[in-house]
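No experiment lies behind these values; they were computed from the predicted model shown. Proteins get letters first, then strands, A, B, ... in listed order; numbering begins at 1 in each.
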Amino acid sequence: MIHDTRVTPLNDRPDNVGRYVLYWMQAAQRSRSNHALELAIRRANAMALPVVVVFGLTETYPDANARHYRFMLDGLKEVAADLSSRGIAFIIRFGSPDEVAIELAGDAAFLVADRNDLRLPRKWRLGVAKAVSCPMVEVETDVIVPVDVVSHKHETQARTLRPRLHRQLADYLQPMADTDPEVRADGLRGLPPSTVDLTDTVRVVAGLPIDATVKPVRRLAPGRQAGLKQLDAFIAGPLQGYGSGRNEPAAFRVSFLSPYLHFGQISALEVALAVQADRRSNEEDRKAYLEELIVRRELTFNFVRHHPDNYDSLDCLPGWARKTLADHRSDPRDPCYDIPTLEVAETHDPYWNAAMREMIHTGFMHNYMRMYWGKKILEWMKTPEEAFGATLHLNNKYFLDGRDPNSYGNVLWIYGLHDRAWTERPIFGKTRYMAASGLERKFDIKAYVRAVDRLVAAETN
DNA sequence: ATCGGCTCGCGCAA
DNA sequence: TGCGCGAAGCCGAT
């Protein structure tokens, strides 16, 4: 089922004569459980046309490096195989994604894109809508409930978003059938060929002018099949007891699904449905995970939607947070670190260093440690602006799930976004403070340090 | 071990 | 207008 509310027209071109329906894949890099692809297939069937899927591979996506590209391209390899087995053409070409889409849209009767509110893909999409002569729509398939259905404004706290979201959930938490096209694309002639050879993604990545020092990781295998396998493993294991055990860093009672969600290799909808249907877990465990997957995740999508120009800036913090950080701007920092010191994980704090090493070497970090890690950077750098810039930079460079709406919302949480004021103290002002003593009091944090040693060894041996 | 205070702004009840 | 309450906080008092 595809609700009309997922679909937004991006231009008002009249019906167009064309040879196929085109789906320009951007964020939703999957061939199943994808409302945008599904809409394209249904349109094509209604018009008795084949479906073409196009992907433009830019060499210069901000912050992207070998780690991200390998994960993405290995995922796209599976997309290509599955689409082709269903009679859907898949074309992947080097170039700016908007230009690649415009090139293919020349022969399209109808153009579908998947929605993503981050600046660059959004700018590309709006430019394409103007440039093409066929009708174009965007489909929201990254979220369970379309952002504008939940609320028309920025919800400043989870507790204001939560009831609005829950009111819509019964309606939107519905499985989506995957339709096959009735007209195969095999007969299409004269399409621009793929210029990216997905049979050898190692070579493709080696040929790109990107940072190769951030290497692919072994910890998380790329692609939809790996993502679905991880989902099964999560439900069978860590979900059991998730409610009470999710914050213990050494236990890694986490889903590890965020990289797959970030690249769109699996959908939040199918994850939510699978978790909801599980009967081995108790209700508390399922509720705790669904709160994170749905409420907390879609809170950041709401945030980005309503701060299109400054979601990556401290300007969009609530007034109390901006004021209190400014009041403490010149508080002395001791210690005071620069990015190179942080990036080699050589601070005085062994817990922080462990978190940083987990991030650098495995592309991932335990949820709870992400908060501690970010709070300490605020504490240890000269100004909040410098700390924020460094945190976002490291986040987007090393995490497989970086450069996501979640990244911006959650990094800003460190600085008070979606949070509240607490006791005033140096540097932090009234933003929430976190201390190493808290880790020692509540967790077996030394076990986390040892666990990271093992994880790093497994990546580098 | 547990509890209250810290502190702001939103939404709702009245 | 008043009141309750909030992602993971800390800290000191009991």
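- A/Trp380 and A/Tyr337 have perpendicular rings, their planes meeting at more than 60° on a 0 to 90° scale where under 30° would count as parallel.
- For the residue pair A/Asp327 / A/Thr324, no side-chain donor-acceptor distance below 3.5 Å is found, with atom types taken as modelled.
- In summary, the aromatic rings of A/Tyr172 and A/His3 are positioned with their centroids under 6.0 Å apart.
- One interatomic measurement links the two molecules: CG of A/Leu161 to C1' of C/dG6, which rounds to 14 Å at whole-angstrom precision.
- For the C1' atoms, the distance linking C/dG4 with B/dG4 amounts to 16 Å, nearest Å.
- Taking atom CD on A/Gln157 and atom P on B/dC12, their separation rounds to 13 Å, with Å as the unit.
- A straight line from CG of A/Asp419 to C1' of B/dC10 spans 14 Å, rounded to a whole angstrom.
- The aromatic ring centres of A/His262 and A/His68 sit 6.0 Å or more apart.
- A/Arg370 comes within 4.0 angstrom of nothing in the nucleic acid, heavy atoms only.
- Within a 6.0 Å sphere centred on CZ of A/Arg42, heavy atoms belonging to other residues, nucleotides or ligands number more than 12.
- Between B/dC6 and A/Lys430, no contact under 4.0 Å exists linking OP1 or OP2 to a side-chain N or O.
- Atom CG in A/Leu412 sits about 16 Å away from atom C1' in C/dA7, given to the nearest Å.
- With both ends at atom C1', the span from C/dA8 to B/dG11 equals 24 Å, rounded to whole Å.
- Ring geometry for A/Tyr289 versus A/Phe234: interplanar angle of 30 to 60°, hence tilted.
- When the P atom of C/dA7 is taken as reference, atom CD of A/Glu291 falls 7 Å away, rounded to whole Å.
- Taking side-chain N and O atoms only, A/Arg159 has no distance below 4.0 Å to OP1 or OP2 of C/dC5.
- Comparing C/dA7 with B/dC12, their C1' atoms sit 23 Å apart, to the nearest whole Å.
- Comparing the same atom, P, in B/dG5 and in C/dC3 gives a spacing of 15 Å after rounding to whole Å.
- Applying the 4.0 Å criterion to OP1 and OP2 of B/dG11, one finds that A/Lys153 has a side-chain N or O inside that range.
- Atom-to-atom, OH of A/Tyr448 to P of C/dA8 comes out at 20 Å; the value is rounded to the nearest Å.
- With 3.5 Å as the limit, one finds a donor-acceptor pair spanning the side chains of A/Asn461 and A/Arg218.
- One cannot find a donor-acceptor pair under 3.5 Å joining the base of B/dC8 and the side-chain atoms of A/Arg420.
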What does the list of N/O pairs under 3.5 Å between the protein and nucleotides 10-14 of chain C look like, with a distance for each?
from   : atom 1 : to       : atom 2 : distance (Å)
C/dC10 : OP2    : A/Arg441 : NH2    : 2.7
C/dC10 : OP2    : A/Lys442 : NZ     : 3.4
C/dC10 : O3'    : A/Arg425 : NH2    : 3.4
C/dC11 : OP1    : A/Arg425 : NH2    : 3.4

Listing, residues 54-64 of chain A side-chain donor-acceptor contacts under 3.5 Å, not counting sequence neighbours, or none:
from    : atom 1 : to      : atom 2 : distance (Å)
A/Thr58 : OG1    : A/Thr60 : N      : 3.1
A/Thr58 : OG1    : A/Thr60 : OG1    : 3.2

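- Every stem involving DNA chain C, taken as at least 3 paired positions in a row under the Watson-Crick or G-U wobble test at 3.5 Å, is listed here: B:1-6 with C:9-14, B:8-13 with C:1-6.
- Looking at A/His328 and A/Glu424, their side chains do bring a donor and an acceptor atom within 3.5 Å of each other.
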